[in-house]
Amino acid sequence: MSAGTRPHVPTDAASPPASPSPQQAERVLVLDFGSQYAQLIARRVREQHVYCEIVRHDIPTERIRALAPRGIILSGGPSSVYEASAPKSDAGLFNLGIPVLGICYGMQLACEALGGRVGRAQAREYGRAACEVLDHDGLFAGVPDRTEVWMSHGDQVDAVSDAFVPLARTTTCPLAAVRHRSLPVFGLQFHPEVTHTPVGGAILANFLTGACGCSGTWRLDDFAATMIDSLRQRVGSDRVVCGLSGGVDSAVVAALLSHAIGDRLSCILVDNGLLRKGEAAAVIEEFTTHFRTDLHVVPGESRFLEVLAGVTDPQEKRRRIGKAFIDCFAAEAAGIEGARFLAQGTLYPDVIESGAAADGPAATIKLHHNVGGLPDDLQFELIEPLRDLFKDEVRQLGLQLGLPEKIVWRHPFPGPGLAVRCLGEVTKPRLDTLREADAIVLEELAAAGLMRKVSQAFAVLLPVQSVGVMGDARTYDDALAVRAVETEDFMTADWSHLPYEALARISTRVINEVRGVNRVVYDISSKPPATIEWE
């Protein structure tokens with residue numbers, strides 16, 4: 001399907017992981033207890049050149065033994081460990097002899113399992129906190145006596161048994177970090193994975209190199225070579241169909257498959273009328289001249305507009321777009337002889353926001369176009385080569401595979417396209433208005449040399465009209481929002497501080513050149529609490 005979408009298949013499922021590490025002995029597992037930032041932990045581990053996988057919180061100890069990780073990290077989560085419905089890990093986890101690091105909820109879970117007590121904190125901590133280090137051996141080696149950390153908790157460990165040693169504290173959290181005396185178990189109440197904890201990387205590095213004994217030899221090029229070989233073996237002599245959206249994720253998937261199976265790859269572009277200005281033509285050009293792919297283009301604008309008529313609810317938009325996309329894609333793919341596999345370019349952050357899995361602990365932020373929405377009778381086996389990668393890693397991989405920079409550095413585009421940037425009812429006139437305005441935003445950012453500084457930028461057409469004046473005449477036209485963010489992982493993001501001159505040019509051009517818009521506003525909200533897309 002389109003880039004950025006896939007149904008979640010946990011990596012501890014019966015089938016082998018989609019992206020096995022070439023250094024099996026260097027593997028670290030992150031057990032996900034529903035944290036929106038579990039993938040940040042994995043990303044920080046990979047920055048230390050240690051391969052990392054995110055798995056379900058209740059992965060059996062037998063499966064852990066089979067994966068033979070060097071270390072285990074327990075993520076945070078929204079639950080309280082003393083609640084009856086709270087997610088728990090396998091009881092035998094702490095007796096495997098594998099180093100364990102619990103973060104926030106993960107620390108509380110570990111301490112409770114090993115004789116401690118967890119309760120509501122008298123003073124909740126959200127945001128930056130001053131932390132005093134009590135023990136500089138091991139986990140806090142090289143960390144200053146006092147440092148700043150990022151807290152986000154309403155519960156905390158009230159007491160631990162004599163088996164635990166306090167390592168750090170804050171004014172309201174006397175057990176901000178602990179270690180077990182005899183077991184390789186460590187706990188952090190704060191979050192080392194976020195950039196707001198400046199020493200977080202050093203603490204994670206100490207855990208990986210000291211407690212886990214990792215040497216840090218994993219590299220992304222190992223992933224590419226291993227994945228190409230894995231795809232070649234899995235596909236065999238069959239054919240793969242891949243959905244193209246014009247985004248970097250689907251392009252990298254196509255490039256991986258092209259290296260692996262050559263001309264047994266067929267690509268399908270569903271031109272749904274929800275693409276950016278000139279997007280369909282650009283995709284056709286790139287994948288007929290550069291890749292020389294067997295490309296099938298399905299015209300579907302009228303069908304998508306029909307199913308979206310009168311719909312204003314964001315989730316319902318996504319559901320209807322997903323179903324229409326599946327119908328169009330499946331009908332075209334059915335005519336491709338020998339097609340057995342369906343390739344998608346979904347990244348893990350999309351799945352986290354979609355609730356990870358129907359029975360998982362993560363909260364649903366928004367549906368990601370087809371995530372969990374594929375029909376039960378799908379006639380293809382799914383291939384998802386990028387399922388364990390983050391956006392920056394996908395870009396690096398694309399460059400390694402020889403993709404041109406204009407593709408690799410293209411800004412992300414949601415699977416439902418402009419429909420989730422056209423707030424309110426989606427109609428062709430409103431889409432055309434948005435398309436023209438969006439093109440101006442990107443043109444002006446490119447002219448100002450800001451496209452690489454900004455991680456994602458776009459226009460949003462609001463279902464709001466306001467009074468204006470043009471040529472001494474009163475107008476009552478649409479308002480347009482401009483959104484630009486900077487982020488490393490697309491799970492947290494800050495709004496871009498664009499130069500006033502660039503914003504002024506965007507506003508002037510949109511109001512002068514796009515009929516029906518008389519007001520332009522700039523979105524200065526960060527993620528969280530907002531999301532990057534408006535719907």
Side-chain angles (χ1 to χ4, degrees), residues 4 36-37 39-40 43-44 47 126-128 148-150 152 191 193-201 247-248 276-277 347 349 353 365-366 390-396 405-406 408-414 418 420-421 423 434 436-462 464 466 478-514 517-535:
Q36 294 294 330
Y37 307 113
Q39 78 296 328
L40 285 181
R43 188 176 185 278
R44 300 304 180 217
E47 287 176 355
Y126 292 98
R128 292 178 173 87
E148 191 175 75
V149 298
W150 184 262
S152 181
H191 290 267
E193 72 271 24
V194 301
T195 56
H196 304 299
T197 300
V199 297
V248 59
R276 289 172 286 201
K277 184 177 181 179
L347 310 188
E353 289 194 336
I365 305 302
K366 58 186 177 182
F390 308 113
K391 180 66 74 173
D392 61 320
E393 293 176 324
V394 172
R395 294 194 195 281
Q396 294 176 43
E405 289 200 2
K406 68 177 182 178
V408 171
W409 290 104
R410 180 174 290 158
H411 283 189
F413 190 59
L418 296 179
V420 292
R421 295 176 179 174
L423 276 60
L434 176 57
E436 292 299 322
D438 185 73
I440 290 173
V441 171
L442 298 181
E443 287 170 9
E444 287 301 325
L445 290 181
L450 296 170
M451 288 295 284
R452 291 283 289 272
K453 177 180 182 293
V454 174
S455 303
Q456 188 170 359
F458 52 90
V460 181
L461 187 61
L462 307 181
V464 174
S466 66
D478 290 331
L480 185 98
V482 175
R483 178 73 156 147
V485 300
E486 295 173 22
T487 177
E488 292 181 345
D489 45 56
F490 291 87
M491 287 306 297
T492 60
D494 291 325
W495 60 277
S496 296
H497 293 228
L498 296 180
Y500 290 153
E501 295 79 7
L503 290 172
R505 285 193 299 271
I506 290 171
S507 178
T508 298
R509 283 195 59 193
V510 168
I511 292 173
N512 287 340
E513 299 176 27
V514 181
V517 175
N518 68 355
R519 190 176 300 272
V520 174
V521 299
Y522 188 52
D523 183 350
I524 58 170
S525 51
S526 297
K527 176 185 180 180
T531 54
I532 295 176
E533 297 289 345
W534 278 46
E535 289 191 342

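These numbers were taken from a predicted model, which means no experiment stands behind them. For the numbers below, each heavy atom of this structure counts, side chains included, while hydrogens, waters and symmetry mates do not. Numbering starts at 1 and runs along the sequence shown.
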Please step through side chain to side chain contact (heavy atoms under 4.5 Å, CB included) for the pair K391 and V248, ending with a clear verdict.
CA-CA 9 Å; K391 180 66 74 173; V248 59; 3.7 Å; yes

May I ask you to test the K527-V485 pair for a side-chain heavy-atom distance under 4.5 Å?
no

What closest approach, in Å, do E533 and T531 show between heavy atoms, and which atom pair accounts for it?
O-OG1, 2.6 Å

Determine whether P499 and L450 make a side-chain contact, defined as any pair of heavy atoms from C-beta on separated by less than 4.5 Å.
yes

If you compare all heavy atoms of H411 against all heavy atoms of A457, which two are closest, and at what distance to 0.1 Å?
ND1-N, 3.2 Å

Validation row: R276, R410 side chains within 4.5 angstrom (heavy atoms):
yes

dist N518:CG -> L480:CG (nearest 0.5 Å) comes out at 10.5 Å

For the backbone of T487 and the side chain of S455, can you confirm whether one donor and one acceptor N or O come within less than 3.5 Å of each other?
yes

D478: what forms a salt bridge (Lys or Arg N to Asp or Glu O under 4.0 Å) with it, not counting sequence neighbours?
none

With rounding to the nearest 0.5 angstrom, report the OH to CG distance, Y500 to L498.
11.0 Å

What residues, two or more places apart in sequence or in another chain, satisfy ring-ring contact (aromatic ring centres under 6.0 Å, His included) together with H196?
W150

Atom CH2 of W409 and atom CE of M451: how far apart are they, to the nearest 0.5 Å?
11.5 Å

Check: R483 and R421 side chains under 4.5 Å, non-hydrogen atoms:
no

Measure the spacing between CD1 of I524 and OG of S496 and express it to the nearest 0.5 Å.
12.5 Å

Using 4.0 Å as the upper bound for N to carboxylate O, is an ion pair formed by E193 and R44?
no

Is any side-chain heavy atom of T197 closer than 4.5 Å to a side-chain heavy atom of V199?
yes

Between A484 and V454, which heavy-atom pair has the shortest distance, and what is it?
CB-CG1, 4.0 Å

Work out which heavy atom in V420 is nearest to a heavy atom in E535; give both atom names and the distance.
O-CB, 3.5 Å

Among all residues two or more places apart in sequence or in another chain, which pass the salt bridge (Lys or Arg N to Asp or Glu O under 4.0 Å) test with R505?
E444

Main chain of G200, side chain of H191: is a donor-acceptor contact present, judged purely on distance under 3.5 Å?
no

Kindly indicate whether the side chain of L462, heavy atoms from C-beta on, has any atom under 4.5 Å from the side chain of V460.
yes

Drop me the distance from I440's CD1 to K277's NZ, to the nearest 0.5 angstrom.
7.5 Å

Closest non-hydrogen atoms of L461 and A479, given as atom of the first, atom of the second and distance, are CD1-O, 3.9 Å

Considering all heavy atoms of both residues, which atom of W534 and which atom of A481 are nearest to each other, and what is their separation?
CZ2-CB, 3.7 Å

Between the main-chain N or O of F458 and the side-chain N or O of D438, is there a donor-acceptor pair closer than 3.5 Å?
no

